[in-house]
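This structure is a prediction, so every number in the text was calculated from the model and none was measured. Residues take their numbers from the sequence shown, with the count starting at 1.
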Amino acid sequence: MIYFDNSATTKPFKEVLDTYVTVSENYFANPSSIHCKGGETERLIHQARKMTASLLHVKPSEIIFTSGGTEGNNLAIKGIALKHSERGKHLITTMTEHAATFESFKYLESIGFDVTYLPVDEKGRISLEKLEKSMRKDTILVSIMHVNNEVGTIQPILEAGNIIRKYPKAFFHVDNVQGITKVPLSLKEAHIDLCTMSGHKFHGLKGTGILYVREGVTLSPLFTGGSQEGKLRAGTENVAGIVATVKALRMSFDQMKPGVKKMEQIKRFLINELSHIPGVLVNTPETYSAPHIVNFSVENMKPEVLIHSLEENNVFVSTRSACSSKQGGASRVLVAMGFNETRATNAIRISLAYQNTMEEAERFIELLKESISKLQEVMR
């Protein structure tokens with residue numbers, strides 16, 4: 001099997017699965033219970049929080065455990081907007097955000113907030129000049145994705161943070177779901193107030209996530225009914241999932257340097273090979289892009305047809321983000337980058353993990369060429 005759909009979800013490390021089972025078996029008590037078993041489970045969460053904070057170079061009190069990227073983005077964006085609306089109702093994001101962010105802003109627009117959607121250039125990058133010109137006295141939130149989930153574009157987060165920090169009313173949220181353990185980012189240096197991460201993107205489990213909330217930042221919770229997670233996320237904690245996710249984060253950071261180097265080599269090979277296949281157009285920019293994502297379009301060919309053809313050879317890729325891959329139609333991200341409707345509709349995404357090999361990439365190119373050739377014959 002050649003699995004090139006790691007931006008949709010990664011395969012959990014075996015050690016992560018073992019940890020989940022062990023914690024589930026031995027620390028099953030409710031951490032809110034006052035007896036000793038509850039205390040043991042609660043201490044495990046505290047240890048996991050300390051480890052996460054250490055890995056991210058922040059304080060344990062700044063770590064909130066969530067169910068993943070969608071919840072983290074919703075909590076950060078809606079939480080800030082609803083909590084601080086008396087300070088202003090102007091919000092800023094980009095045209096190429098993940099649906100969890102984009103739809104959150106659309107919702108806030110529907111209830112009276114004023115949202116500025118920053119355009120991007122042909123590489124998918126925002127203009128820092130346009131960001132600065134968009135900032136207002138009543139701007140209370142700027143949300144920018146670190147690494148785009150469809151094409152891999154890296155946004156200038158550090159520079160954006162230095163602009164936003166000049167406006168004391170404005171908070172800075174970063175969706176780092178695709179960037180964590182693949183593209184370095186210092187939360188402190190970039191002056192980030194809130195940052196979203198998702199466990200199943202770095203070999204953890206689905207239904208787990210992390211939200212960094214800088215000390216002193218207040219949010220309106222989405223879930224109420226308990227004091228868990230600093231009163232920001234009511235409900236009994238997923239203890240086994242939390243501990244397993246922190247293990248996955250630690251293991252991924254341990255493997256990051258050699259893993260990223262290998263992915264960069266494979267990515268360069270893929271882009272070079274794809275560029276030489278007639279009818280194939282590479283959409284991922286060669287500069288300012290992450291090491292693990294390559295997006296391309298095949299002229300006059302529906303992506304789902306090609307994906308199923310590759311699937312017959314045990315090769316797995318995707319169209320766009322998994323959350324919107326079944327919707328069909330043109331990619332909002334590619335349209336925002338200036339590509340025409342057809343190219344934006346025919347896009348396919350390859351996404352790598354540390355475990356992928358150059359041999360897999362070489363075999364993928366062979367099978368892709370065969371699939372395109374066979375499908376073109378059928379379509380004639």
Side-chain angles (χ1 to χ4, degrees), residues 3 6-28 31 40-69 71-72 146-147 174-190 192 194-215 228-230 233 237-264 290-292 351-356:
Y3 183 75
N6 290 282
S7 285
T9 196
T10 52
K11 182 179 180 180
F13 290 134
K14 184 182 183 303
E15 296 89 337
V16 169
L17 294 172
D18 291 343
T19 295
Y20 183 87
V21 172
T22 299
V23 174
S24 296
E25 287 179 340
N26 300 319
Y27 296 89
F28 55 84
E40 289 174 0
T41 308
E42 186 179 31
R43 282 191 291 276
L44 206 58
I45 297 175
H46 290 326
Q47 290 168 10
R49 205 182 307 278
K50 284 180 65 177
M51 173 61 75
T52 305
S54 175
L55 291 168
L56 299 177
H57 307 292
V58 298
K59 299 176 183 178
S61 60
E62 297 176 317
I63 298 299
I64 303 299
F65 293 115
T66 69
S67 66
E71 185 193 336
H146 182 208
V147 173
V174 173
D175 175 346
N176 197 25
V177 167
Q178 292 295 338
I180 187 72
T181 73
K182 299 171 184 74
V183 181
L185 178 66
S186 169
L187 300 174
K188 296 298 183 184
E189 288 179 18
I192 295 169
L194 306 109
C195 187
T196 307
M197 292 151 269
S198 181
H200 74 108
K201 306 296 186 180
F202 50 80
H203 305 282
L205 302 173
K206 298 177 188 68
T208 63
I210 299 162
L211 177 65
Y212 162 74
V213 182
R214 182 181 58 77
E215 188 175 58
Q228 294 91 344
E229 296 305 301
R233 189 179 191 269
E237 300 93 335
N238 176 9
V239 183
I242 287 168
V243 177
T245 292
V246 178
K247 180 146 195 169
L249 186 63
R250 181 182 61 77
M251 291 180 66
S252 292
F253 273 129
D254 287 345
Q255 299 176 32
M256 184 173 172
K257 191 172 182 179
V260 167
K261 184 178 180 181
K262 184 166 71 168
M263 290 193 300
E264 285 173 340
H292 63 298
S351 48
L352 309 171
Y354 302 156
Q355 294 74 23
N356 288 126

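Residues passing the ring pair (Phe, Tyr, Trp, His ring centres under 6.0 Å) test with Y354, sequence neighbours excluded: none. Checked against salt bridge (charged side-chain N to carboxylate O under 4.0 Å, His left out), K11 has no partners two or more places apart in sequence or in another chain. With sequence neighbours excluded, no residue forms a side chain to side chain donor-acceptor pair (under 3.5 Å) with Q255. Residues satisfying the side chain to side chain donor-acceptor pair (under 3.5 Å) criterion with E215, sequence neighbours excluded, are K59. Listed by chain and number, the residues in a side chain to side chain donor-acceptor pair (under 3.5 Å) with N26 amount to none (sequence neighbours excluded). In this structure T10 satisfies the side chain to side chain donor-acceptor pair (under 3.5 Å) test with no other residue, sequence neighbours excluded. Here H292 pairs with nothing under the ring pair (Phe, Tyr, Trp, His ring centres under 6.0 Å) rule; sequence neighbours left out. Residues forming a side-chain contact (heavy atoms from CB on, under 4.5 Å) with Q228 (at least two apart in sequence, or on another chain): S32, A234, E237. For K206, the side-chain contact (heavy atoms from CB on, under 4.5 Å) partners at least two apart in sequence or on another chain are T9, H200. For E42, the salt bridge (charged side-chain N to carboxylate O under 4.0 Å, His left out) criterion is met by no residue, not counting sequence neighbours.
Closest non-hydrogen pair, P291 versus E264, comes out as CB-CG, 3.4 Å. Taking both residues in full, the closest heavy atoms of V177 and S198 are given as CG1-CB, 3.9 Å, listed atom of the first, atom of the second, then distance.
Contact check for M197 versus L56: side-chain heavy atoms found under the 4.5 Å cut-off. The side-chain heavy atoms of Q355 and F13, taken from C-beta on, include a pair separated by under 4.5 Å. The shortest distance between side-chain heavy atoms of I192 and R214 does not fall below 4.5 Å. Annotation: side chain of F65 is in contact with side chain of I210 (closest heavy-atom distance under 4.5 Å).
Taking CD from E40 and CG from L44, the interatomic distance works out to 9.5 Å, rounded to the nearest 0.5 Å. To the nearest 0.5 Å, the span separating CD1 on I63 from CZ on R49 amounts to 8.0 Å.
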Using a 3.5 Å cut-off and no angle test, enumerate the donor-acceptor pairs between side-chain atoms of residues 180-187 and protein atoms at least two apart in sequence or in another chain.
| residue | atom | partner | partner atom | Å |
| --- | --- | --- | --- | --- |
| K182 | NZ | K201 | O | 3.1 |
| S186 | OG | E189 | N | 3.1 |

Review item, side-chain donor-acceptor pairs of residues 238-249, under 3.5 Å, at least two apart:
| residue | atom | partner | partner atom | Å |
| --- | --- | --- | --- | --- |
| N238 | OD1 | G241 | N | 3.0 |
| T245 | OG1 | T208 | OG1 | 2.7 |
| T245 | OG1 | G241 | O | 2.9 |

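Atom CE of M51 has 12 or fewer heavy atoms from other residues, nucleotides or ligands within 6.0 Å.
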